Amino acid sequence: MPELPEVETTRRSLQPHVVGARIAAVTVRERRLRRPLDDDFERRLFGRQITALERRGKYLLFRLEDGDTLLVHLGMSGSLELMKAGTPLAVHDHVVLIFDRDLQMVFNDPRRFGLMRLGHADDFAELRNVGRDSLSSAPSVDEWRGLTRGRKLAIKNLLMDQRVLGGVGNIYASEMLFLAGVRPGRRAATLTRAELTRLADAMRAVLERAVELGGSSISDYRDANGNAGYFQIHHAVYDRDGQPCAKCTTPIKRVVQSGRSSFYCPKCQR
DNA sequence: ATATGCACCTGTGTGC
DNA sequence: TGCACACAGGTGCATA
């Protein structure tokens, strides 16, 4: 479910409550996530204080006082929610951290594609596959030339390749390509300098606006305090196939690309 | 090296 | 109502 704007919204809503908090209890109800939770997960977290909360692409990093890190990925359907300690748990609430301040943080994930993992500092195999952050260090036009040179894959697939760019997923890839006027199926190497310029601008505009609006709440995404995001109201193409393009009224098309839905305006995007 | 297809899960919506 | 099927914000591995 969550892409960069949703993960960043979760981070911002958690940060003031969890940084400085000490973990007073850990409850695990389901260890089978994307990979099984380590046997010593609870023991290693117990009693530790959170010193910072960072984000890289779609990953959250809870820094602990002694140099360890709790790495969290929300997968397709994961969420982190804060609530009063002792609040009864719901279905798919898999992991609960109770803090020293009448507060608990619950990891809920129906599909269990999410990840929770303890390790030292940034020493995670998962992070080695995450490239530059698409919000805080988006590529310049010249860098885009290098990233696309010789690449035969579709530009949308390149945008979603986390090794190239951390944070862009299926919704925001379609949205930024609409804003840039580029079809999702265009081979990356064929984009002109003008198109790459528009794409670089569109990436910043879409991601910044989405974060301002708290991400996209399509079915049930909420931030850590239970608040919905509002960027879905501004989706120009995502999940709007058949509806008129806001710019030219041509019906939006849906195509399947590498097994994922892509949405675009056949007239505005070339 | 590069690109694609599928598996991993549960829930929801649609059509018969 | 029941059932089958398609599809959903992601990633990793196997295969050409």
Side-chain angles (χ1 to χ4, degrees), chain A residues 1-11 29-37 55-60 71-80 90-94 107-117 124-131 134-135 146-177 184-190 206-207 210-211 213-223 228-235 237-242 254-263:
Chain A
M1 144 173 49
E3 304 180 35
L4 185 151
E6 291 76 35
V7 178
E8 177 62 15
T9 298
T10 296
R11 190 193 71 79
R29 304 165 86 208
E30 176 58 81
R31 312 192 85 79
R32 296 171 302 166
L33 304 181
R34 183 162 106 204
R35 52 172 286 166
L37 286 187
R55 179 190 58 75
R56 284 210 204 151
K58 301 173 191 171
Y59 285 90
L60 287 170
L71 183 72
V72 177
H73 193 288
L74 300 176
M76 286 281 266
S77 58
S79 62
L80 288 170
V91 64
H92 304 311
D93 283 347
H94 303 313
F107 176 75
N108 180 288
D109 186 6
R111 294 179 74 178
R112 289 191 277 118
F113 291 164
L115 177 84
M116 288 187 119
R117 202 180 170 186
F124 295 96
E126 289 85 354
L127 291 183
R128 286 196 278 279
N129 290 325
V130 178
S134 32
L135 184 65
L147 293 173
T148 53
R149 184 167 298 128
R151 301 300 302 269
K152 294 194 200 313
L153 82 173
I155 183 64
K156 174 163 175 277
N157 291 352
L158 183 75
L159 289 171
M160 290 173 64
D161 185 342
Q162 302 299 298
R163 294 168 301 183
V164 175
L165 210 56
V168 176
N170 205 38
I171 294 179
Y172 296 100
S174 275
E175 291 299 315
M176 59 186 66
L177 285 168
R186 281 276 299 284
R187 305 258 177 196
T190 70
V206 165
L207 294 179
V211 169
L213 293 180
S216 300
S217 291
I218 286 180
S219 60
D220 55 5
Y221 169 77
R222 296 291 185 276
D223 75 8
Y230 292 95
F231 189 73
Q232 69 281 3
I233 294 166
H234 300 274
H235 289 177
V237 288
Y238 182 80
D239 205 21
R240 293 197 181 280
D241 51 315
R254 169 183 178 271
V255 295
V256 176
Q257 235 181 303
S258 300
R260 314 294 303 276
S261 289
S262 296
F263 303 89

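Every chain is numbered from 1, with letters handed out A, B, ... down the list of sequences. The shown structure was predicted, so the numbers you read here are calculated from the model rather than taken from an experiment.
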I want to verify a distance call: between dA8(C), dC8(B), dT4(B), whose nearest atom is closest to the Arg254(A) side chain?
dA8(C)

Whether Asn170(A) side chain and Ser261(A) backbone form a donor-acceptor pair below 3.5 Å:
yes

Any side-chain N or O of Gln162(A) below 4.0 angstrom from OP1/OP2 of dG10(C)?
no

Would you say Arg35(A) places a side-chain N or O within less than 4.0 Å of OP1 or OP2 belonging to dG12(C)?
no

Return the nearest nucleotide to the side chain of Arg34(A); candidates are dA3(B), dT11(C), dA8(C).
dT11(C)

Counting heavy atoms from C-beta on, name the nucleotide in dA3(B), dG12(C), dT4(B) closest to the side chain of Lys152(A).
dA3(B)

Using a heavy-atom cut-off of 4.0 Å across all strands, would you classify Phe231(A) as base, sugar-phosphate, or nothing?
nothing

For Arg32(A), which contact category applies under a 4.0 Å heavy-atom criterion: base, sugar-phosphate, or nothing?
nothing

Rounding to an integer number of Å, can you tell me how far Asp109(A) CG sits from dC9(B) P?
12 Å

Strictly by Watson-Crick or wobble contacts shorter than 3.5 Å, is anything paired with dC5(C), and which nucleotide is it?
dG13(B)

Checking only heavy atoms, does the side chain of Arg112(A) share a donor-acceptor pair with the base of dC9(B) at less than 3.5 Å?
no

Let me know, please, whether Gln232(A) or Asn129(A) comes out on the 5' side of the other along DNA chain C by nearest nucleotide.
Gln232(A)

Taking the side chain of Ser261(A) as heavy atoms from C-beta outward, which of dA8(C), dT10(B), dT2(B) is closest to it?
dA8(C)

From the set dG10(C), dT4(B), dG11(B), return the single nucleotide nearest to any side-chain atom of His92(A).
dG11(B)

If you only use heavy atoms from C-beta on, which nucleotide in dT11(C), dC7(C), dT4(B) is closest to the side chain of Lys58(A)?
dT11(C)

So for atom CZ, which belongs to Arg163(A), do other residues, nucleotides or ligands contribute more than 12 heavy atoms lying within a distance under 6.0 Å?
no

Rounded to the Å, how far apart are Leu60(A) CG and dG10(C) P?
15 Å

Is a donor on one side and an acceptor on the other found under 3.5 Å between the side chain of Asn157(A) and the backbone of Ala154(A)?
no

Any side-chain N or O of His73(A) under 4.0 Å from OP1/OP2 of dT11(C)?
yes

Test item: Arg240(A) side-chain N/O and Gly242(A) main-chain N/O as donor-acceptor pair under 3.5 Å:
no

Give the nucleotide from the list dA3(B), dG10(C), dG11(B) with an atom nearest to the side chain of Glu3(A).
dG10(C)

Side-chain donor or acceptor of Tyr221(A) paired with backbone N/O of Glu6(A) under 3.5 Å:
yes

Between Phe113(A) and dT11(C), do the rings stack, that is, sit under 5.5 Å apart with planes less than 30° off each other?
no

As a quick check of understanding, evaluate ring-ring contact (aromatic ring centres under 6.0 Å, His included) for Tyr172(A) and Phe231(A), giving each step before the final call.
CA-CA 10 Å; Tyr172(A) 296 100; Phe231(A) 189 73; 5.7 Å; yes

Using the P atom on both, measure dC9(B) against dA14(C) and round to a whole Å.
16 Å

Which of the following nucleotides, dT11(C), dG12(C), dA3(B), is nearest to the side chain of Glu126(A)?
dG12(C)

So if I take every side-chain heavy atom of Leu153(A) and compare against dG12(C), dT4(B), dG10(C), which nucleotide ends up nearest?
dT4(B)

Within this structure, what is the CZ-to-C1' distance between Arg111(A) and dT11(C), rounded to whole angstrom?
12 Å

So what does Gly75(A) hit on the nucleic acid, given a heavy-atom distance under 4.0 Å: a base, only sugar-phosphate, or nothing?
sugar-phosphate

